[in-house]
Structure formats: C-alpha cells, structure tokens
Amino acid sequence: QRAEVIHWWTSGGESAAVAVFAQAYTKAGGTWVDTAIAGGPNARTAAINRTVGGDPPTAMQFNTGQQFDELVEADMLANVDSVAAAQNWDKVMPAPIVNAVKRHGHYYAAPVDIHGQNWFFFSNTVLDKVGAKQPSNWEELFPVLDKIKAAGLIPLAFSGQKIWERGLFNTVLVGQGGAAMFEDFWGKRDPALAKSSAFRKVAETFRRLHSYIDAGASNRNWNDATALVIQGKAGMQVMGDWAKGEFTAAGQIAGKDYGCNVLSDHGPAYLLGGDVFAFPKQKSAEASAAQIKLATVLLEPATQIAFSIKKGSILSRLDVDASTLDVCARKAIGWLGDTHAQVPANELLAPPAVTGAVEDVVSQFRNQPDMTVDAFVDQVVKAVSQPL
Amino acid sequence: MLPSSVFVGLRQYLSLFSNERWQVSVANLALFGGLFIALALILGFALAVLIDQRIRGEDLLRSVFLYPFSMSFVVTGLAWRWILDPTLGVQKLLQDIGLTGAKFDWLVQPDRVIYCLVFAAVWHAAGLVMAILLAGLRGVDPDILKAARVDGLPAWRVYLQVIAPMLGGSFATATILLATSVVRLYDLSVAMTNGGPGIASEVPAKFVMDHLFERGNIGLATAAATTMLATIAAVLVPLFLWRQHRARGGRHA
Amino acid sequence: MSNVSLRDVEIRYGASQVLDRLDLDIGAGEFFVLLGPSGCGKSTLLNAIAGLTEVASGTISIGGRNVTWEEPKDRGIAMVFQSYALYPTMSVRGNMSFGLRVAGMAKAEIAARVEKAAGLLRMTELLDRKPSQLSGGQRQRVAIGRALVRDAGVFLFDEPLSSLDAQLRAELRVEIKHLHHRLGATMIYVTHDQIEALTLADRIAVMRDRKIQQLGTPQDVYQRPANRFVATFVGSPAMSFVKGRIGEDGSFVAGDIRVDLSAYAFATRPVPGQPVELGIRPEHVARAETGLAGVIEMVEPMGADLLAWTRLAEAPVSIRLAAETRIAVGDRVRIELPGRHLSLFDLASGARL
Amino acid sequence: MSNVSLRDVEIRYGASQVLDRLDLDIGAGEFFVLLGPSGCGKSTLLNAIAGLTEVASGTISIGGRNVTWEEPKDRGIAMVFQSYALYPTMSVRGNMSFGLRVAGMAKAEIAARVEKAAGLLRMTELLDRKPSQLSGGQRQRVAIGRALVRDAGVFLFDEPLSSLDAQLRAELRVEIKHLHHRLGATMIYVTHDQIEALTLADRIAVMRDRKIQQLGTPQDVYQRPANRFVATFVGSPAMSFVKGRIGEDGSFVAGDIRVDLSAYAFATRPVPGQPVELGIRPEHVARAETGLAGVIEMVEPMGADLLAWTRLAEAPVSIRLAAETRIAVGDRVRIELPGRHLSLFDLASGARL
Amino acid sequence: MITPYGRRPRRLTPQRIGLYAFLLITAAFFLTPLYVMVVTSLKTMPEIRAGNLLGLPASLNFEAWGNARSRACTGLSCNGIQLGFWNSVRILIPSLVVSIGVGAVTGYTLSFWRPRGGTLLFGLLIAIAFVPYQVFIYPLVRIYSQVGLNNSLAGIVLVHTMFGLPTMTLLFRNHFAALPIELSKAARVDGAGFWRSFGEIMLPMAVPIIVVAMILQVTGIWNDFILGLVFAGRENLPMTVQLNNIVNTTTGERTYDVDMAATLLTALVPLAVYFISGRWFVRGIAAGAVKG
Ligand SMILES: Nc1ncnc2c1ncn2[C@@H]1O[C@H](COP(=O)(O)OP(=O)(O)OP(=O)(O)O)[C@@H](O)[C@H]1O
Ligand SMILES: Nc1ncnc2c1ncn2[C@@H]1O[C@H](COP(=O)(O)OP(=O)(O)OP(=O)(O)O)[C@@H](O)[C@H]1O
Ligand SMILES: [Mg+2]
Ligand SMILES: [Mg+2]
C-alpha cells in the first residue's frame, strides 16, 4: 500500500530518522512516498492545501498540540481509534501526549515521538575548567554561571529568536514555578496567576538570566549557540533535546563531552512536546487501510527505538526497554515514570494565538532592560486574556 | 490557514491598535519605506547613469549590481546577519586586527536594527532599479542629449535636469515596485532578524503572516490586513486621479 | 564673433564616408550658407563644428583655437537642430531659457530675452505649452528661439525655417539678418530655400558627394556656376541645358542652331569642335522677332509669372514670362539667348568653361 | 478615388478650439491644397480626415460614406505625417512595405512597388538603413514613400517636401502630379511652398483663425485675393500696401498720389471718400517715364531677379526687376501701377472691393 | 603639447577615473555577502562552528558543492538540489513567456487603445500588487480544485502569470506610454490592427523593457517555491523546494557550507540571464522615428 507522508524533517539527522520509518513501513509491505518540505509552516501549508484541493497525503506531520484542531473541526481527518485500541495508547503513553491527539473521544493523530523542551546542556570541558559541577536546581545554577562569567566565557549560550526566548521562559516557569503553575498559566490562563508573587519571581529569574547572555545572541540560530557549547566557548545552553543532533554531528557524546539535565525546584518536571502524524480523510478504502497500517508500524517498539536514537527524541510509549538510548534520553524516560513529571508543553495547553501573544511579550521583556516586571505582568495579562 | 467564518468585531481593531507589536511594525514600515525607497532610487539611478557611460566590462558590473536580486533572503539574509553581527562579523574583524574600540553592533540594538534592514534591502533592490532606469535611459532620443550638450550642461546636470524628468515613467515603475516590496516586506525581516531583537524589527506583513499562518489568529490578521489595504488605497487613489489629470496634458510626441 | 576653419576634416559613419578631407574657412562675423542635395552631409558638417560628431581626421578651430577635442559647451556655439530636439518635459519657456539658466544668467535678463524672442517668433501666448501641444511649425520656432536667446560666437542653423509659412519665413529671415548685424556673430546656415540662401548669404558653399563644389558669393554661384551640378542645383525654376559643340568661329553649335558667344566671359578657352553643354536660365531667355524658332510644349503658371517650355535641338528649354502673357501650347515663339548670361560647360567633365 | 466632405466640423484640444464649424467639400480626384500660417490647424484638419483626432462635433464623409466614427484603416487613406512617424525598428524597406504587407499584397508586387518608389525618391541604396541612420531629408522621403506605394482613395500630404532641396522637390512635385493623374485619387496637400501650391493645386484653401479665408483656383487666390490677409499671405515676395481713400472720380488717392482704377474689376463698388488699402504685387509694378516718382531705399538680389524698395505715400513698396538691372540705393525711379492687376481692400474690414 | 587632430583620444580623464573608482567600490560593497557565502561554502563545518566567518578557509574543500549539487539529503532522497532542476526549467520557460506576453499585451492595450475603465483596471492591478501573495493561495486552491487545475504544469504557469500580471503590466504600460503616439497613428493609417501594430511595431520597441521583465520574472519564478509546492504537484516540484529543504530547518542541525553552495548553485540561472541580457539594452531604440 502506498503511503505518502508530508513532513519537515529535512536535516541530516532528521532524514536519517525518517528513513527508519520508511524502512519499517516498506518492510511491512507498503511503499513509502516521502514528501519532505522544510519549515513547519511551509509543510503544513502544502499539506492542508492539498487536502483542501482534494489530493490529501496519507499522513501529515504536526507538532504535538493544537495545530490540527481546525482540520478536526472541518472534519477532514480520519481517526485511528482502531490502532490506539490495538496498541492500548492510553496505558503505554504519557497522558499529555495521548490527550494531545484525542478530540471528542477519538484519536485523530499518531504521536510518533516525544521531545523534551526544557533541557540544560552543559559543556563538561568548561565546567571542569571553572571547577564547577553540573547544577541540578536553580539555586545551584547561578553560582556556576557566575564562575563561568568570571572565567571570561559565555555563561549561557543563547539564540535570541522569539521561539527560544519563550523556550527559556518556559524552562524557568516550569523549573521554578513548578508543573502545576505551568499548566495553570498556559491551560487556564488565569490573570490572577500572572499577578501572583510566584510568577513575578519567575519573571525576575528570567530577567536575571539575561545578564549571562552575550551580545551576539540576538540573531543567532539555536545551533550556533549549541556550537558555542561544543566549542567550549560557552558553558551551557537551554534547548530541546533535538540539540543533541548538533552534538552528535560534531562527534560529541552525551555524558562524556557534554552533560544534560533538567533543573527544577519542585521535583522533576519534563516539558513534553513532540511530533504527531495526522491522517486526512481519504477517498478510497485502500488508502484508508494504508493509514491504519502506517500508524501501526510507526508505533511498533522496534521502530520507535530505532527512530528515537536517530532523532534524539524519546519514544512516545514508555513500555519499551530503552537501554539502547543515550544517557539523556534514559534520564528522561526515568523521570516520566512519575506522572507528575509529565508536563505538557504550552503548545498542548494553549492555542497558538495565545502562545504567540505571550511570546511577543516575553521577547520584549528580554530585549528591553528598562521594561519593569510590573509592565511585563500587565502585558502578559493582556496577552492571555485577548479576544480570539 | 483555514478561514473561519467567525464574525470579526471591531474589538479586533481595538486590540490591534493597542497591540504594541503592531505599533512598532507600522512605525518600522514608515521609517523603512521612506529610507529604502529614497536610497534605492538614488543609488539605482546613479548606477544606471554610470553604467551608461560606455564603460568597460559593463555586462559584468551590471550583473554584479543585479546579483543580490537573484538570491532569496533565506541565505543572503544569513550572510548579512553574520557580517553585521558584533560577535562574528565586521566588528569582530576590526577588533581582531587591534581596533578594540571599533563598534558596529546596530544589528543587536533595538533602535538601530531597522537601519540594517534598510541597508540589506537597498543592497537587494538597487540593481533592479538600475535595470529599469537603464532601459529608460537607453530609450532617450540622442538628439536631445546633443541639444543639452550644446546648451552647455555638464554631464551630471544633463542627467539630473533633462533626462531624469523624461524618465518619469521608469521612475514611477521603479517606485511602485519598491513600494510593493516595502508593504510586502517579510522574508528580509524573517531571515535577518526574525523581527528581533525583541520586536524591534517587526513589520506589518510579518505580523499578518504570523497571525494568519502560525498563530491561527484570523481575526487579528484580517484586521491588520484590512488596515494595510485601506492605507494603501488612501495613498494610491489620489495618486491615480492626479496622474490621470496630468495625462490629459498629452504626451511627448 | 569668431572665425571657423576646418582642415582636411574627414567624417565617416562606420564604413561610409560622409565628408572627405574638407577644407573650409569661414570668416569671423560672416554669414555662411550651406547648400546641397538632401543627404550630402550638411547636418553632419554642422554637428562636427558643434563637436557633436567626432571627426575621423582633421582639425576644427573656432576663433583661432583648435577645438577638435573640445566639448560643445566650450566652443561658444548655439545651434538649431534640424530635428528640433526640444526638451519634451519643459514648457516652451523652459526650453528657450534652459541654456541661459545653465549659464547662470540673471532671472530678469532671462525673462526679458525669452519674451523678446517669443515676440518675434509670434509665440508669446504659447510660452507655457509643452512641445507635445504645439504644431510642427511652432515646434520649429521653439527650436529657433532656443538659439536666438543665446549670444554665442557661432550660430549653427540647420534648415531653421523649413516648415514655416512664406510670410513668417520672410519676417524671420529679416530678424536673423538683424541679429547677425547686432551680434556680429558668425552664422552657418543650412537651407534648401534658394531665396533664403541668396538673400542672407555673404558666401555660399554648394556641397555634393562629400565635397564642396563651389564656394562664392550668391551672385557668383547663381550667375557663374562652377560646374553643371551647381548650375542645375541652384536656381528655380531650374536652368535648361542644350548639348552641342564649339564651332569653328568659337560660337556654340547644336544641330541647326548657333549661338554667338562673343559676349561670353570664358573661364578657359574651349578648342573648336569640343563637345560642350549650354546652360540657360528661364529668366534670361528673351523673346525677339529675330531669334531661334520654337514651339510651346507646356505652360506652367507660377503665380508671379509663368513658365513656358519649348525645345532647342531636342533639348527642353524653359522660358519665364509675365503671368498675364497670352500664350498657349502650340504657339510658335522666337527666342534669343543673351551671350553674357549663358553658362557653358565641358560635356565630359561638366566644368565651367 | 473618393470625394471628401466635412460638415460643420469642430475640433478642440481641451479648452482651445482649433477648427470652428468648418464646412468643406473636396471633389473626387481633386488635388486640393491647404495653405495657412503655422499653427492654423492644417495638420489637425488632415488628422481629422484620417480619423486620428476626434471631432468635437460635425461629420466627415469619404466617398459619400459617413466615416466620422470609423477607424483610419477603414477610410481608404494614405498619409504623410509632418513628423514622419517612421517605424524606428524597421529598415527603410520595412517602413515602405508595411502598409502593403498588412494589406496582404503579394511579395513580388510589394517588392516591385517599393523598388519603384525608392527609385523615384533617389534612395534605392538606402533601402536597408534604419531611420536613425538617415539624414533629415532622407527620413522625409521615407515618409513620402510609405504613402506613395499605397493605392488609397485619398492621399493626405502634410508638408511632404519641406526639407528637400529645390531640385528634388521639383522632381517629386512632378512625380506626385503624375501619381495623381495615374490613380485619379483625391489628394489633400498641406504646404508652405507657394510654387508647390500654385503649380499642383486644382483648388486652394487659405486657412486662418480656425476658418477658411478663401477657397478657389490658384489664379483666383493669387490674382484676386478675397481679403487683405490672403493678399499678404499668398505670393512672395509679398504684396505691398498703400493706405488711402476713394477719390471723387473713383480713383485711388493717397497723399499727393492718385491711381486710376478705371481698369479695376470691382467686386463691390466703393463709395467716394471710403478709406481703402491698395495692394500691389512687386512684379506688377512697371517702370515708366511718366509715372509716380520714388527713391530706391533698398535693393535685394534674389537670383533670378532683384527686389527694389521705394515709398509711395509713406508706404514701402517693392518692385521686381531683372537681376542684371543696374540700380542702386538712392536712385530715383518712376513707376506705374496697372489698374487691372491691383487689389483694393476696405480698410476697416479688409475685404476685397 | 600635441595639437588635437582627428578622433579624440580615449585617455583617462580624472572624471573617468573617479567614475571607475565609484563603480568598483560599490561593486566591492555589493560583493561582500557573496564573498562570505563563497568562503563559507569552502569551509568545513568545524571551521565554521569555530566562528571566524569572514576569514578565508584554512583549506579549500569543494565537498559542500558536490553535496549541494547531488548528495545533500532533503528528507529521504539524498540527491541535492539537482533533483528538481528540470522541473524548474519546465515551469520557468512557459511561465516566463506567458506572463511577459500577457503583461505586454495588457500594457499595450492600456496605453495605446485607452479602453473604457482602463485606468480603473490598472489601479486595481497595482493595488493587488501590494497584497502579499500568500493571501491568495487558499482561495486559488479552492478554485483550482473546482476546475481541476491542481497539481498541473498549466496550473502553476497560470498562477505565475496571474501573480506576474500587475508588475508586468506596470512595466509595459509605462514604457509604451513614453513612446511617441505618432507611431501608433502611422500604424493605424497603414491599416495595422491591434495585433499587427503590437507585434511588428510596439514589441520591437519594447526590447529593453522586455529584458527588465525577464529579469524580474526569471528571478521571481525561479526562486519561488511555495507556489510550486502548492500548485505544481509532486512530480513537478521545482528545485527551490529542495533548496529550501536544505537551507531551512527549525530543529534539525544545520550545514552552512552546503546551504551556501546550494544557494549559489540555484542562483546560477538568473545570474546567467542577467549577464546575457546586457546586449538588449539597446540605445536610442526610438531614435529617428519622429521629427520634433
Ligand atoms: N495637443 C495639443 N494641445 C493643445 N493645443 C494643440 C495641441 N496640438 C496642437 N495644438 C494647437 O492646435 C493648433 C493647430 O495645430 P496644427 O498642428 O494643426 O497646426 P498646423 O496648421 O499644422 O501648423 P504647422 O503649419 O506649424 O504644422 C496649433 O495652434 C497648436 O498650438
Ligand atoms: N548614423 C548614421 N549611419 C550611417 N549613415 C548616416 C548616419 N547618419 C547620417 N548618415 C548618412 O550621412 C549622410 C549625411 O547625412 P546628413 O544628415 O549630414 O545629410 P544632410 O546634408 O543634412 O541631408 P538633409 O538635407 O536631408 O538634412 C546621409 O547620406 C546619411 O544617409
Ligand atoms: Mg540635415
Ligand atoms: Mg502641421
């Protein structure tokens, strides 16, 4: 059965990962037709327009979250309840991930991987040089940063693009504010919370981190930031686990050349994002069959393991022996045993409009040193309570 | 990406105008547009005139001035970013060779970054303006140039006072092309600064795109788009009436 | 007020040569007219003097200064282009005043001059029009005006009056003459209008085939054309020609007719029997009782007078008669050819004898 | 071969009115010449007939068909533009043959016609040049050629020969006349050249101030001008005028001079004492022992003859004399004004009496 | 001091030196980004990570170029950008011809035949030129799917024509408007109809502007990928889609050397056009047409 998949995994590591899926599907007797389109928006534009234009692909990639809601509402997606039932997703997957693909009690997409978004990656060479050990919570963090700064290195390698500014903010929010606060903030969007002192503390920490970022950060790509860590020019970077791809490409090994950790003051809190494949309604029954087959294959343990290794992500199902994964991945899976550690990323909690609005405010806050915390809070309130 | 049929109330406009990013975008567009169009026209005209002086290697030079136009901003924007980035580009270079005092960090200064965009945009568009004006220049009747020479004009005044007015059409074309690229300005901002630092280099088109395609905020997006179109109409309509009025005067025979 | 002289000037457009090692001296303050068939190189010559076309070889000097390599603006010239070459975007006023503004003349002075020029060109009320809103003749007048307002050392006129009506042309002819006297500037004037040439010129040069055929006063050129070409080219209605040879007694013989040449002022004595051609201007043919017999073959009324065509020795000969003369095709006439007004050319070379 | 008639045609450029309710009938196969001062609306009229300028009101019909609203190409016309309007990207040959190619004429035929036209325009060897490589006159000839090759019902010539030399002009005049006879087509011809007008025209219309001043045969227009304007405008050298009044005995009186008008053919009898103006053409002034006395004030040589200026009752009067006449400024002359060649105009209205 | 004789010698005057100086300096400024791109494409990734971006490469390695052309992975296929090259050509040629043709005709009509409501139409076109084209994609897809133009060469050509129309019209209208009106008069008298005078008289006089139009369209069409993506269909995807896949990634690791090489390679076609186009910038194309 022919299965055309539209995705935006075009970089070296990503393609390698896709290849795993392709092989698996081919092995299962299907033919994988690969349509790679770099850039989420581009890929989604193409995919959705083709669906609308009456030539839907078998599957299309989305970020875990609410990106495909409008398609669901427009009744353009086929559900994969059968697969979900067969593989018993509710049991084997973290709740946030399952909820992310569930609408009105039906499963409209297959979660193919999980990305942690609030990682700290440390350059061990730098830590050794300044004689610091890898911090595990926010109290320990700042002394380390200061040491690195004193050593004349860049304490925190950063990419000043909005999405990563938001990433950093989320990291602080979930790390210092805790899972509950994070979920309330994005999920309930209660202005009162934004006004709370706890939130202000988060804001101040975020602002404080700014002083450990170098001038070049503003227009840097995230991977250039990673490069700084790899080079030993910077001490650490806050990024999703896809950053491991850069380390790997530069021939560095997790745990040996670089360390990874999630800092939190209230027990482990792991921000779960990731990718899902949605399945637009097909004309022919045969095509629909292909979708079922595809979904099934993608989530088979073997496929998942092989994929995660290449992709640097972790499996979307936790019932598999992950000993072959790297240190960081194993850490993550370890934490996820505890459901409290499973924190849905903001894409899962809030509609893109809100995310974007908050993103703008956060970005302003970081780039305008004269912006007071109060002003920030006001703006945030406005953003979360805007009309949609 | 899918249009929703939800009624967009006036409140969308209210929240638009109170939206700081939008305000910044509009301000940027005004500043950028003014500077960019002026500079591109000036530089383009200068290049066209100089290229027209029967110089050696005209084809090569013309291509050099045009090539920026041939590449999408996705990568040339990156190149500019590197060049202008204080930690990678010119500033670093200067400091490496000992000029530790050298500072060239407009790209990361919220109140300066827009000039960097203008810079790159002019670099990108000047060649096209040159081409358009060159086509016009070459069309001018040689006898008129002779007359001007007899009237005792130095070359530069011939171009400024005799030819430039005769190129009205070409200038109009160029200006409108530039203006459209200003209003549609998107790639450059994305590629060079992605609106940053913060929202310092945001522009309306990007505002619309983001809200339309990435944030699914159709309401705000349409409100913004409508506002833009209204503004454009407000500029274009009088312009056209004027040109039509002038056209009645008849044309060069 | 400066003389113009060309030394073996040669001009070529690509392969084709337009002027061939031309030597020409035009005195300071002289009014010099260039005559010649269409395409003989008149405009080219003016352009060369103005410095608008490069000479392939030779030198051009104005006011004693060698300006061969100088820019037009450094030659102190004003020019009326055959194609007008008006500035389309400027009003008539703008066109006329432009040269002056460039020269940085005072506003008031400029205005005054433009007004004056406009006045004598009869276009005062057109000053604010664009060239595209003018008639052909009006455009040409703008072109003239643009030159008139300047005070240059040398004025170059390229058929300046060609598309104006006779009346205006006559008036402007006078104006130009006045200007010439007032400024005492050197004027080089291309025209196809015989009257213009003959009334305005101090000297006339008749050009053809990349060369100057004759250079002289209007009277010379008209009355003693240097060769057959000049004879045919100058004067309208044109001169008539009769082929024949020199008789034993030195008179002109053609068939049964014989014309006495005793009164003829020979440039070079022909040998008896030499084949020659006799040129007669219509107005010099006189009717006389005792004369050569002819039959009228055609009659052309030309307003002031009429032209009657007859034949001498197979050659058509035209006679100018008063307009009111009663004469019709078929009438027999007797005519006389006054020796001192005739022109005699060697048949082979066409050179005047 | 089709007649052209205009019924109260009015044309305006924006505010300014160029033609004012003009009525005109041009017979089929007629050779019709338009004369008039520069800017009087001749080209506009041609353009209107060609359908290139919209008429504000009135109708135009060609060959009896009302074509006021029709496209030029449906009017069966050929036109020579005053501004040539050559196709710059086409060779001379291309320019000439374009119309024929459009009409879908056979290649051979086209070639033949172009060759012929080129031949009589003396530009056979220029056929492959681009307009920009031609001299002014050569360009004009291309414009003519483009019309000559066509066989249209109506030919419109707008100053077709203005920048050609006298010789070529004379030749082409004849050629056009031949063409007219051969095709029998209607020809409407704008010119400033009196000779052209008088020799070619079946009828002449003299225009001025948006109106036609006189419409008649060349002889009429020349010898019996309808008003003072026509009198001054037609004929060069121009007519001279003497102001005066009608004496008791019906003769013309001005100061101490008196001219007998018994031989004058009056259009309308003037009343004694009526202020009038007397027009005399230079060629009609005869020298006579018994005649009005005058002193020569200026002498203009004009090739074929010379023009001497004297004064009658303060008014300058020109006399045409043979070129070889011995006469100098200051000489006293006695002249006679032959009554039947004079023109008399009412001083107020300027209308012919 | 030699006395001037004959043709003015082409010696370098101060003005001319200044002129060349200005041109060369400007050229240098224009070329800096190109320089950065080239050197980057010749460096190894570690060298690039090291961050000395303006410096010359330690050693030339053209590997990136090879990768860009035929090896770089874009999803599963690892054939570099060459993959879509012929598709791009197949899209470019017809789109170019049609869009310029249509634009020329429209411009010609607007400026010489002055149809009723012409100015309004023109104004509308210009207004549309200001709208970001992304906005039209969705409705167009809808219409296309109705008439079944989706995923066809014809479809994408039509799209490029439509999006090109405003600029093309603008170019040609303003160019034709500057030509002497007498010429169209002469053509009408010669009996030439709409097409005849367009094809044989106006178009030849539009050569320089056609070149400009080509520059605009070649660039626009060649570099477009989103339209190609949406309308051309899988089997017609232009090479820019591959290019985009190489240079554009959110969370994947980046290979700048290949990015640069790929971009430069892709730009070769437009650059070639620019270079050749020069000889059609003819001088005085309307010279000698009219007197006065
Ligand atoms: N586009 C225009 N706008 C306004 N007035 C115009 C325009 N074109 C011509 N005119 C005026 O109309 C009048 C007639 O013009 P036209 O060309 O018919 O004159 P003409 O008789 O041909 O003169 P000429 O002998 O100089 O060619 C002129 O006074 C001219 O100024
Ligand atoms: N650009 C050119 N290329 C080739 N030949 C040219 C060019 N310009 C002019 N000529 C030729 O040079 C000759 C002289 O041209 P020029 O304009 O001087 O003639 P002219 O005497 O002014 O004629 P006219 O009385 O018609 O204006 C003509 O035969 C013409 O064909
Ligand atoms: Mg000439
Ligand atoms: Mg006219």
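Chain identifiers are assigned alphabetically (A, B, ...) following the order of the sequence lines, protein sequences preceding nucleic acid strands; residue numbering begins at 1 within each chain. Quick caveat, the model's predicted, so the values are computed rather than measured.
- Contact detail for E:Arg188 and D:Gly51: the closest heavy-atom pair is NH2-O, 3.6 Å.
- Around the CD atom of D:Glu70, the shell of radius 6.0 Å holds more than 12 heavy atoms that belong to other residues, nucleotides or ligands.
- Neither the backbone nor the side chain of D:Arg75 comes within contact range of chain E, judged by heavy atoms closer than 4.5 Å.
- In this structure, E:Asp190 pairs ionically with D:Arg150, as a charged nitrogen and a carboxylate oxygen lie closer than 4.0 Å.
- A 4.5 Å side-chain heavy-atom check between E:Met205 and D:Tyr87 finds every atom pair outside the cut-off.
- Dense packing is recorded around CH2 of E:Trp113, with more than 12 heavy atoms of other residues, nucleotides or ligands lying under 6.0 Å away.
- Residues D:Met79 and E:Lys185 have side chains not in contact (no heavy-atom distance under 4.5 Å, counting atoms from C-beta outward).
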Practice problem: Check the pair D:Gln82, E:Lys291 against side-chain contact (heavy atoms from CB on, under 4.5 Å), reporting the backbone distance first and the verdict last. | Solution: CA-CA 8 Å; D:Gln82 185 173 14; E:Lys291 176 179 187 180; over 6 Å; no
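- For D:Asp74, no part lies near chain E; criterion is any non-hydrogen pair under 4.5 Å.
- Within the 4.5 Å cutoff, the side chain of E:Val189 has heavy atoms near those of the D:Leu52 side chain.
- The minimum heavy-atom distance between D:Ala85 and E:Glu182, with the atom names listed, is CB-CB, 3.7 Å.
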Quiz item: Between E:Ile285 and D:Thr89, is a side-chain contact (heavy atoms from CB on, under 4.5 Å) present by the stated rule, with each step listed?
Solution: CA-CA 7 Å; E:Ile285 194 146; D:Thr89 53; 4.2 Å; yes
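- Residues D:Leu86 and E:Leu183 share a closest heavy-atom pair of O-CD2, 2.9 Å.
- Between chain E and the residues D:Ala50, D:Gly136, D:Ala143, D:Gly99, the most heavy-atom pairs under 4.5 angstrom are made by D:Gly99.
- Of all heavy-atom pairs between D:Pro131 and E:Gly288, the closest is CB-O, 3.7 Å.
- In this structure, chain E has a heavy atom under 4.5 Å from the side chain of D:Phe81, while its backbone stays farther away.
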